[in-house]
Amino acid sequence: MDNSADLAVGQPDTYGRSSLAAVDPTVHELLVRQEQQERTTLKLIASENFASSAVLEATGSIFTNKYAEGYPGGRYYAGNDIVDELENLAIERLKKLFGSEHANVQPYSGSPANQAVYRALLKPCDKVMGLPIPEGGHLTHGWAINFSGTDYRRVPYGLHEKTQQIDYDRLREIAKRERPRLIWVGGTAYPRVFDYAAMTEIAFEVNAYLVADIAHISGLIVAGAHPNPVPHCDVVSSTSHKSIRGPRGGFILSRNEDRYQALYHRNSKYNLARRIDRAVFPHLQGGPHINVIAALAVALQEAATPSFRSYGQQTVKNAKALAQALLERGYDLVTGGTDNHMLILDLRDRPLSGKAYAERLAKAGIITNFNMVPGDPRDPAVTSGIRLGAPAVTSMGMREVEMVQIAGLIDSVLRRPDDEDLHAGVRRDVADLCAAFEVPGITDR
Ligand SMILES: *Cc1c(COP(=O)(O)O)cnc(C)c1O
């Protein structure tokens with residue numbers, strides 16, 4: 001039977017390859033629509049960004065096909081000599097950028113990276129301190145519905161009632177009383193700089209590992225726009241797709257030696273670096289995503305340039321300008337402002353929920369996410385806050401003037417949440433604003 005017709009899906013392009021449009025017009029059309037949406041709307045989601053065309057090219061490359069379980073020089077599959085070079089390149093670039101002794105680039109994303117940190121440092125049921133979600137923490141820092149809250153004993157620490165910033169004195173008290181084995185420093189909705197030196201001191205006093213989760217701020221750190229936790233922490237985990245503008249993925253940085261080896265791991269023959277590696281593979285993962293590691297290497301090359309430094313600095317300036325313009329229009333911000341790339345609008349005293357406002361803003365082409373605020377009286381499924389971030393619009397080349405303009409657009413929607421004509425008008429203004437800028441990965445190909 002001749003089944004060559006079945007094999008020849010779609011029409012080959014001029015290179016004899018089959019293009020996405022020919023093979024799967026349905027997915028292609030969704031992609032075109034998504035691109036159209038992203039270049040005509042304002043991406044103000046603090047965790048999102050635009051990866052460059054070079055990063056996207058590496059992500060979509062034939063490195064996606066390779067199996068490479070293991071680490072450079074010790075793989076369980078043949079044919080990995082080039083892949084070894086590639087992974088070592090990503091590792092070396094990462095170590096150099098952050099000044100770290102050890103790096104692992106295999107975690108599939110930020111949450112799996114954190115899972116590996118738990119496995120490398122703790123035993124099940126050990127105590128872990130983290131910031132709760134309503135106060136800006138991440139699911140994986142000991143939240144009840146996450147593995148980190150079910151498999152470990154969670155000890156939350158919190159914010160100072162007045163400043164809404166981490167209450168370091170209180171944190172010390174709790175740590176001394178509870179004796180956690182790990183303390184997380186980092187967050188997903190915390191608009192201020194972390195005091196790593198203060199946290200190290202506390203962790204040291206109670207013999208706890210200090211782990212920084214820099215998922216949101218890794219790009220700012222590389223750009224010198226936020227302090228680097230690497231000199232202070234035992235381990236640092238991150239995503240690679242947020243402010244650092246790489247592919248979707250994760251990485252872990254650490255020291256080689258464990259300062260608590262004799263205390264907590266005296267029966268292990270592995271040092272800290274080896275335990276991290278073994279936690280990622282073979283404990284949690286199988287084959288690493290080589291295409292993602294290739295794209296990470298590219299992103300790290302980009303991040304090492306002076307223009308990335310300006311990008312990171314401008315991101316913070318833009319967030320501050322947006323915050324200032326919203327404050328001037330009478331809005332409340334969690335902590336009263338920002339030191340980094342994000343701000344959280346506190347809408348507790350407004351009639352609608354954060355979710356309802358985020359939906360109205362989206363209709364007007366302003367893409368945000370609703371978020372808990374400290375002391376939020378509403379359900380996490382609706383909340384009373386909206387988180388805004390500058391990384392993506394800064395990647396488009398926007399500056400302070402545009403932030404003031406954006407604050408005006410946000411204000412007009414939030415003021416008249418039920419005026420659909422007004423939303424349609426804002427939608428047009430947003431599209432005009434976006435049309436004046438390049439969108440990396442979309443308009444620059
Ligand atoms: C985004 C984020 C993560 C998780 O990353 P995923 O890639 O979504 O799994 C972990 N920690 C913090 C602080 C984050 O902001």
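Please read all numbers here as calculations on a predicted model, not as lab measurements. Note that ligands are numbered from 1 as they come in the structure, with each ligand's atoms numbered from 1 the same way.
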Exercise for the section: Measure from the side-chain N and O atoms of Lys127 to the backbone N and O of Glu178, and report whether any donor-acceptor pair falls under 3.5 Å. Expected result: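 Here the side-chain-to-backbone pair exists.
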Considering only the protein, which heavy-atom contact is closest to [atom], and what is its distance?
{"atom": "atom 5 (O) of ligand 1", "result": "Thr239 CG2, 3.2 Å"}
{"atom": "atom 11 (N) of ligand 1", "result": "Asp213 OD2, 2.6 Å"}
{"atom": "atom 3 (C) of ligand 1", "result": "His138 NE2, 3.2 Å"}
{"atom": "atom 7 (O) of ligand 1", "result": "Ser109 OG, 2.4 Å"}

In ligand 1, which numbered atoms sit nearer than 4.0 Å to a non-hydrogen atom of [X]?
{"X": "His241", "answer": "7 (O)"}
{"X": "His216", "answer": "15 (O)"}
{"X": "Ser111", "answer": "4 (C), 5 (O), 6 (P), 9 (O)"}
{"X": "Gly187", "answer": "13 (C)"}

Practice task
Take the angle between the ring planes of Tyr264 and Tyr209 and call it parallel below 30°, perpendicular above 60°, tilted in between.
Solution key: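 Tilted.
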Practice task
Write down the atom of Val193, the atom of His226, and the distance for their closest heavy-atom approach.
Solution key: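 Closest heavy-atom pair between Val193 and His226: CA-NE2, 3.6 Å.
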Practice task
Could you tell me which non-hydrogen atom of Ala294 sits nearest to which non-hydrogen atom of Ala58, and how far apart they are?
Solution key: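 Taking every non-hydrogen atom into account, C-CB, 4.0 Å.
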Handout entry: Close approach, Gly186 and ligand 1, non-hydrogen under 4.0 angstrom
Key = no
Problem - Gln314-Glu400 side chain donor-acceptor pair, cut-off 3.5 Å - result: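 Gln314 vs Glu400: donor-acceptor pair found between side chains.
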Exercise for the section: Using only heavy-atom distances, determine whether the side chains of His141 and Asp213 contain a donor-acceptor pair under 3.5 Å. Expected result: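 Result is yes, a qualifying pair exists.
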Practice task
Using a 4.0 Å heavy-atom threshold (strictly under), name the region of Arg248 that reaches ligand 1: side chain, backbone, both or neither.
Solution key: neither
Problem - Lys242-ligand 1 polar pair, N/O distance under 3.5 Å - result: yes
Exercise for the section: Provide the full list of ring-ring contact (aromatic ring centres under 6.0 Å, His included) pairs with a residue in residues 354-404, sequence neighbours left out, each pair given once. Expected result: none
